[in-house]
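Accompanying notes for the structure given below.
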Amino acid sequence: MAAKRGIWDIAEVVEIILRFLPGRCVATAAQVCRLWHDTVERIRRSRRDCVMYLSPDNFGFDDFSRDAVDFISQQHIEPRALLLFLGTSPSSSTVRIKSLLRSIQKCLPLSCPFIGCTGHGVVGSGMSSSRNQSENSQGLSLMMFPRCERLEIHDFYVPLRNKYKKISGVKSFLPDMTLPVKLVIVLAHPLSLGKLTHLTVALRSKYGDSVVIVGAYSDKYLFYNSEVTYREIIGLVFAGNLQATSTVITGGTKQESLQNLDDSVQSLVNSDVPKENSFSLMFSCFSRGSMTYGYENAEYLTLRDALPGTAVAGFNGTAAFGCDTEKLKLRGIKPGGRDFLHVDASVLCLGSFTISQPPFS
């Protein structure tokens, strides 16, 4: 009994120590021995919240680059994937962006993909940040998704060139997933409606009609791990222990826009997606903002009040895409290509990492 108790004492000490390790080191620690592996698995099950970063207003490119890298390296979460959004600025050349991406990659586990893009402004909030939405400004916003039990996240890259008259063979670029796919985030260089329709058909054909697809068009650059590119399609595929839904905030007069905003956010609140361990993604057209609602940060503030404590990330692009999942579900309609592309609207996505229940024996 004394020997057994001694083993449990060692396990408790090991867990206390491993909980202080940065995320990149946690994955390495799991390979040391069986005790450390089991300890790391317990730690992973207790960490199901996304981690959010938003750069301060007064930071330039070099300042928020260093600050973001320091922030990532100090996090105890073991990231399974990372989303990065960068506000366009004259100083953010491809050389400097590549340097930032390489620095971020060094802070991440080897198997952690990350994608992102530039936009006309970035959106960010969460428990780790008191900042709100930045409209039409330079800055950096990122979200780290935790490594959870029975959760798969894989990236994909679809090359596009001017010689392509249409998107062909899209399915060959999409990852095969062993668990049911729940969410696909797509970032792209501006596509025609026909190409976007072809893409959404390919995604739903491979992953099922119930998959939630959200994203936006970048204004300039796309980030695929440490590479800076354009005229391509990149994305993340989420499968397994995740629930997600999406909604579209349409335009109109100022009063109509405010009503549409309230209705859309309320549909997220009323959805079946759990509010624990949740995150939200916001993809807005750059034309929206104070001119649409009469005051700044209207979409973020409404979302924050309705879902307090939920981490939010996103950016303002040239167009947003996604569909009103809850509305189409009620009407019993399957979305088509025209339901996805929006040039004067915002797409919101609510996701939550759910804990799988063991089957009864």
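The model shown is predicted, which means the values in this text are computed figures rather than measured ones. Hydrogens, waters and symmetry mates are skipped; everything else that's a heavy atom, side chains included, is used.
- Between L142 atom CG and Y53 atom OH the span is 7.5 Å, to the nearest 0.5 Å.
- Linking ILVMFWY residues whenever their side-chain heavy atoms come closer than 4.5 Å, directly or via other members, leaves V343 and L348 in distinct clusters.
- There is a side-chain donor-acceptor pair under 3.5 Å between S278 and T310.
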- Just do the side-chain contact (heavy atoms from CB on, under 4.5 Å) check on H120 and T318 with the steps written out, would you? CA-CA 8 Å; H120 294 276; T318 56; 3.9 Å; yes
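- Residues Y157 and E232 meet the side-chain proximity criterion, which asks for heavy atoms closer than 4.5 Å.
- In this structure the side chain of F340 never reaches within 4.5 angstrom of the side chain of T197, judged on heavy atoms.
- To the nearest 0.5 Å, atoms CG (D263) and OG1 (T247) are separated by 9.0 Å.
- Contact between M282 and L303 at its shortest, heavy atoms only, is CE-CD2, 4.0 Å.
- To the nearest 0.5 Å, atoms CZ (F315) and CG (L140) are separated by 13.0 Å.
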- Decide yes or no on ring-ring contact (aromatic ring centres under 6.0 Å, His included) for F353 and F279, but give the supporting numbers first. CA-CA 9 Å; F353 299 108; F279 64 90; 5.4 Å; yes
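- Contact record, S271 with L350: OG-CD2, 4.2 Å, taken as the closest heavy-atom pair.
- Side-chain atoms of Y221 and T118, non-hydrogen and from C-beta on, do get closer than 4.5 Å to each other.
- Hydrophobic cluster membership is shared by I249 and Y295, with clusters built from Ile, Leu, Val, Met, Phe, Trp and Tyr side chains linked at under 4.5 angstrom.
- A donor and an acceptor atom, one from each side chain of S352 and Q243, are nowhere located under 3.5 Å apart.
- The shortest side-chain heavy-atom distance between Y224 and F114 does not fall under the 4.5 Å cut-off.
- At a threshold of 4.5 Å between non-hydrogen side-chain atoms, the residues L54 and F85 do not count as touching.
- Nearest approach of A81 to I153, heavy atoms of both residues: CB-CG2, 3.6 Å.
- No side-chain donor from either of S226 and R102 sits under 3.5 Å from a side-chain acceptor of the other.
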- side chain to side chain donor-acceptor pair (under 3.5 Å) between N260 and T250: does it pass, once the steps are laid out? CA-CA 6 Å; N260 291 338; T250 56; 3.1 Å; yes
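- Rounding to the nearest 0.5 Å gives a distance of 11.0 Å between CD of E227 and OG1 of T94.
- Counting all heavy atoms, side chain and backbone alike, S141 lies closest to A313 at OG-CB, 4.1 Å.
- Inter-residue side-chain proximity for L236 and V184 is flagged as unmet; no heavy-atom pair is nearer than 4.5 Å.
- Between the side chains of K171 and S205, at least one donor-acceptor pair of N or O atoms lies under 3.5 Å.
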- Message: Between T253 and E256, does the side-chain contact (heavy atoms from CB on, under 4.5 Å) criterion hold? Intermediate values first, please.
- Response: CA-CA 5 Å; T253 65; E256 290 172 341; 3.2 Å; yes
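- Shown here are the salt bridge (charged side-chain N to carboxylate O under 4.0 Å, His left out) partners of D305, two or more places apart in sequence or in another chain: there are none.
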- Task: Tell me, with the steps shown, if F145 and V51 meet side-chain contact (heavy atoms from CB on, under 4.5 Å).
- Result: CA-CA 7 Å; F145 300 97; V51 173; over 6 Å; no
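- Both L258 and V269 are members of a single hydrophobic cluster when ILVMFWY side chains are connected at heavy-atom separations under 4.5 Å.
- If you check the side chains of Q266 and N270, you find a donor sitting under 3.5 Å from an acceptor.
- Within the 4.5 Å cutoff, the side chain of D324 has no heavy atoms near those of the S246 side chain.
- For V122 against G87, the heavy-atom pair with the smallest separation is CG1-N, 3.5 Å.
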- Task: Test S257 against T292 for side chain to side chain donor-acceptor pair (under 3.5 Å), laying out the working first.
- Result: CA-CA 7 Å; S257 297; T292 302; 5.7 Å; no
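- Note that CZ of R204 is 11.5 Å distant from CG of L199, once rounded to the nearest 0.5 Å.
- With values rounded to the nearest 0.5 angstrom, Q259 atom CD is found 9.5 Å from L261 atom CG.
- Annotation: F321 is in aromatic contact with Y217 [ring centroid separation under 6.0 Å].
- Under the 3.5 Å distance criterion, the side-chain polar atoms of E152 are left unmatched by any main-chain donor or acceptor of F238.
- Between the side chain of K182 and the main chain of V211, no donor-acceptor pair closer than 3.5 Å is present.
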- Verify side-chain contact (heavy atoms from CB on, under 4.5 Å) between N241 and C148, making sure each step is shown before the conclusion. CA-CA 8 Å; N241 283 343; C148 301; 5.8 Å; no
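- In this structure, H342 contributes its side chain and G322 its backbone to a donor-acceptor pair below 3.5 Å.
- Between L187 and C117 the shortest heavy-atom distance is CD1-SG, 4.1 Å.
- Taken together through direct or relayed side-chain contacts under 4.5 Å among Ile, Leu, Val, Met, Phe, Trp and Tyr, L203 and V201 form parts of separate hydrophobic clusters.
- In this structure, the side chains of M143 and L281 come closer than 4.5 Å at one or more pairs of heavy atoms.
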